[in-house]
Structure formats: structure tokens, C-alpha cells
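Report on one structure; see the data block that follows.
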There are 2 protein chains.
Amino acid sequence: MVFMSISERRERDRLKVRNKILDAARWLFASEGYDAVTMRRVAEEIEYSPTTIYLHFKDKDALIRELCRLDMMSLMQAIQNAADEPEPLERLRKTGMAYVKFGIEYPNHFRLMFMSNRLHEVEQLAEMGHGNPETDAYLLLLNTFEEAIAKQLLAPEFTDPHLLAQVFWAGTHGVVAIHINLYGDPWIEWRSVEETAKMTINAMIRGVQR
Amino acid sequence: MVFMSISERRERDRLKVRNKILDAARWLFASEGYDAVTMRRVAEEIEYSPTTIYLHFKDKDALIRELCRLDMMSLMQAIQNAADEPEPLERLRKTGMAYVKFGIEYPNHFRLMFMSNRLHEVEQLAEMGHGNPETDAYLLLLNTFEEAIAKQLLAPEFTDPHLLAQVFWAGTHGVVAIHINLYGDPWIEWRSVEETAKMTINAMIRGVQR
DNA sequence: TTTTTAAGATAACAATGTTAAGTAAATAAA
DNA sequence: TTTATTTACTTAACATTGTTATCTTAAAAA
């Protein structure tokens, strides 16, 4: 059938343009942040008119969110790899450090995913579902705490894996958030991210250990 | 001297207008966030032309930063009050909870102060100096840990009050950050901010305690 | 060969921050 | 008292943004 071959080539071409858009936007976003990604700059980069972008993405937000989602998925691999550790508490340390590491490395992605109010797009979040790296990482954390509880590694008063996961997440997240946004403020004698992250994670683990 | 009286009245009038601007902007900012504060909306609110605002503030950023600074100073009182507690570790608990509480109550202020990249305005930060609530609160935290170390309340390996302060700050900050930006995400079984904050703080304290 | 469809471009709109130029009243100087 | 100047403020405009309505043109289908 000629039909298929033609429409397939068309689809390939479409995807090529779409990916060029994503690549141009990714570069701008990673190096200069959300506001620096203007439709016109992206368009110029790929040598199409700005309106072409709208044939592939509903609006600017959808474009940046999609590229962010894709990047996060691959970045999330680092955490999944760090989770290759049998001992639950040690696994917490490794995954926590991986979370911090990529937060520091990709601050703009981190800001978009975790530092902008997204409650108005709950539908979108729901659609993303289990492919969502954020959710997957949370699940990883949750399972680790369930295991730690089952193996009686924690003090007996800590019985809620969700609460534990959220506490642990908050701690590691805070290290990233503060260092992304405030590190360098001359009024504070800063300690390094690694040091801070390590102590935060260790303190939290010691704090709930049996 | 007539001169003085006249220029004093002028200065009073100037201040009145300036405060009207700040009040209008404050309302918009607190309820709808940074982007919702447009120069034209503020101008309409106070019944002046948009350009009048520029007679009082260098630009939009300066306006919002000034109102935020003022608000934070007064809000910071809550933390100073919470610090009225002789026992250092208990003081950590109280001030930490106060930090979380106002972060939840004024998410937009919190975002502006702690979640936007401000490294490009280091000069401004330096000028703000010790009136800076962020620094003052940090100092409070630092002193508390110095006291805790001096009273030998912490395990002997924890000797750096700066590192301890930054760890503790990161933990409480993380609770706020996550709850401001992600709370409500349907894929996570959320625990309440109070619960999470309390456990985070307690875990960190237990984690460094002797 | 004609018709339809799809990709893409041009031009424009509205909203934004910001500035240059003008106005008019209050004040100072003559 | 009259003239000059300073001050507070406005009008109009500019540049940049996201976005859309309309047009063009080439490919595909009829």
C-alpha cells in the first residue's frame, strides 16, 4: 500500500521537526531557564517560523513540560541505578545522594518539576501516571521504608512508610532547594552540598533507626 | 523655616503614595503571585498612572522585593518569638515549626525569598545586610547549635555549628518547599504538613543528639 | 485534471515592562 | 508681583512576549 508508506514518511518528518524543537528548547532551558525559552528564539534556532511550534505543542508550557518530562525520565535512571543496593538504609543513602546530585546538575529542570505550583494541572499529572519519574522515585522510597520497617531496622514508633518517605524526601529536597537558590549568599558561611546532603541524610536515618 | 515644613509635607505625601503602591502590590502578590502583579493593575488600584510607580521603585522587581522584605521582617517576628525557649533542642523544634508555618501561610513570599535564583543581585543582598531576615534567622539557628554543642547535647562527632544549621535549615525548608509545590499530587498519599514537619525536625534532632 | 488536505509562513493582536516626551501646578527667584 | 524652575505626574509610544487568524503553497487524493 502506497498510503502507508507515505503517511509513515510524513509521520517521520513530523517527528523530526518535533525533536528539533525539543532539542532547541532543551538547550535554551537547561542553560538559561524558563523565561529564556522564547518561541521566537526556538523558531530561529530550528529555522522555522514561531507558529510552527504550535503545530507540535499546545503552547510554550506544554513544550517545556514535555522536554522536562523526557529529561527527568532519563535522569531518573541515575536514581534507579543507585537503588541497586540490598541493605535498605544504605539504599536510602545512595538514592538520596543521587537525587541531590541531579538536582544540583540540572537546577532548571529541578525548579520546573519541583518548584512551580502545578496544582492547576492535576489532569495532566494524572495522565502522566506511572511513567512519571517523580512518582516512580517516590515508590522506590516508599518500598525501601516498607522493607526497613519489615526488617525491624527502625524504632518501633515509626510505622507509617508514607510519612517516613515524605520526611526523607523533604530533607533531601531541602538540601537541593537551598543550594540551588541561595548558595553563594555572602552572609552565610556555606558548607558544601555534598557535606550538607550527607549529614542531612545520615541524621535523618539515625533519627529513625532502632 | 517654611522650607522645612513644605519639604516635610512633600516627603510625607511621597511616602503616602509609595505605601499605597506597596499595599496594592502586596495584595496582588500575596493572593496571586509574582506574575499577577502587573504595573498596570497596581496603577489602576491606586488610581495613578503606571509610570508613577517608577518614581518610587526602580522596576517591578524592586517593588516586589521591597514589599517582600518588609513582610518577611514582620513575619520573622514569629520565629523570634518562637525562639523564646531556654532549652536549645526544644528551641530548634519551636523555631523550625514557626518557619514551616509561615512558609505555608505565605507561599508566594516564600517562593520569592527562597525559591528564585538571586545570585545575580549579590550587591543588593550585601546592602541589605543584617536587616535581612533570612540572615537573622540563620544567626538564631547558628547560635542555638553553638549552645547545643557547648552544653554537650550533641554526639561528639558533630562539631560544626554552620553545617548543623544548614542541615537543619534544609530539612525544614524541604518540608515547606514540597508542600507548597507538590502537595495535592494525586499519586501520593500525602501526610499533613504538621505531621511531616514534626517528624522531620524530631528525626534530625534525634539524629545528632548525644 | 481538479479538489482537498496538510505544513508552514505572514501579519497581526493583546498583554507586558519600560521609557521619552510633555503638562501643569507648586515652589523659588527676580 | 512676575518670571523661572523644580516637581509630580500623565500620555503616548516602544520593544518583547505568547498566541491566533489568515493566507500560501505544495503534496496527495479524487
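Only a predicted model underlies this, so the values are computations on that prediction, with no experimental measurement involved. What's counted below: heavy atoms across the whole structure, side chains too, no hydrogens, waters or symmetry copies. Residue numbers begin at 1 in each chain, while the letters A, B, ... track the order of the sequences.
Atom CG of Asp13(B) is separated from atom P of dC9(D) by 8 Å (rounded to the nearest Å). One atom, CD1 of Ile64(A), and another, P of dG18(D), lie 9 Å apart when rounded to the nearest Å. Regarding Arg12(B), its CZ atom lies at a distance of 18 Å from the P atom of dT7(D), rounded to whole Å. Straight-line distance from the NZ atom of Lys20(B) to the P atom of dA8(D): 16 Å, rounded to whole Å. In this structure, CZ of Arg41(B) is placed 12 Å from P of dA15(C), rounded to the nearest angstrom. Atom CG of Leu63(B) is separated from atom P of dT16(C) by 15 Å (rounded to the nearest Å). Distance CD1 (Ile53(A)) to P (dA7(C)): 16 Å, rounded to an integer number of Å. The distance from atom OH of Tyr48(A) to atom C1' of dA9(C) is 12 Å, rounded to the nearest whole Å.
In this structure, Arg91(B) contributes its side chain and Glu85(B) its backbone to a donor-acceptor pair below 3.5 Å.
Taking a cutoff of 4.0 Å between a charged side-chain nitrogen and a carboxylate oxygen, Glu66(B) and Lys58(B) do not qualify as a salt bridge. Contact check on Glu44(B) versus Arg41(B) returns no salt bridge, with no Lys/Arg side-chain nitrogen under 4.0 Å from an Asp/Glu carboxylate oxygen.
Along DNA chain C, the nucleotide nearest to Arg10(B) and the one nearest to Asp35(B) differ in position, and the one closer to the 5' end is contacted by Asp35(B).
The aromatic ring centres of His179(A) and Phe110(A) sit 6.0 Å or more apart.
In this structure, Thr38(A) reaches the sugar-phosphate backbone alone: every heavy-atom distance under 4.0 Å involves primed, P, OP1 or OP2 atoms, never a base. Residue Val37(B) is in sugar-phosphate contact alone, with no base atom involved, counting any heavy-atom pair closer than 4.0 Å across all strands shown.
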Show each protein N/O and nucleotides 19-22 of chain D N/O combination with a separation under 3.5 Å, one pair to a line.
from: dT19(D); atom 1: OP2; to: Tyr54(A); atom 2: OH; distance (Å): 3.1
from: dT19(D); atom 1: OP2; to: Lys60(A); atom 2: N; distance (Å): 3.0
from: dT19(D); atom 1: O5'; to: Tyr54(A); atom 2: OH; distance (Å): 3.4

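Residues Asp185(A) and Tyr138(B) have side chains that never bring a donor and an acceptor to within less than 3.5 angstrom of each other.
Using a 30° and 60° split on the angle between ring planes, Phe168(A) and Phe145(A) fall in the perpendicular class, above 60°.
Proximity note for Ser49(B) (side chain, C-beta onward) versus dT11(D), dT27(C), dG8(C): the nearest is dT11(D).
Distances shown here put a side-chain N or O of Arg14(A) below 4.0 Å from the OP1 or OP2 atom of dA7(C).
Inter-residue side-chain proximity for Phe114(B) and Trp169(B) is flagged as met; some heavy-atom pair is nearer than 4.5 Å.
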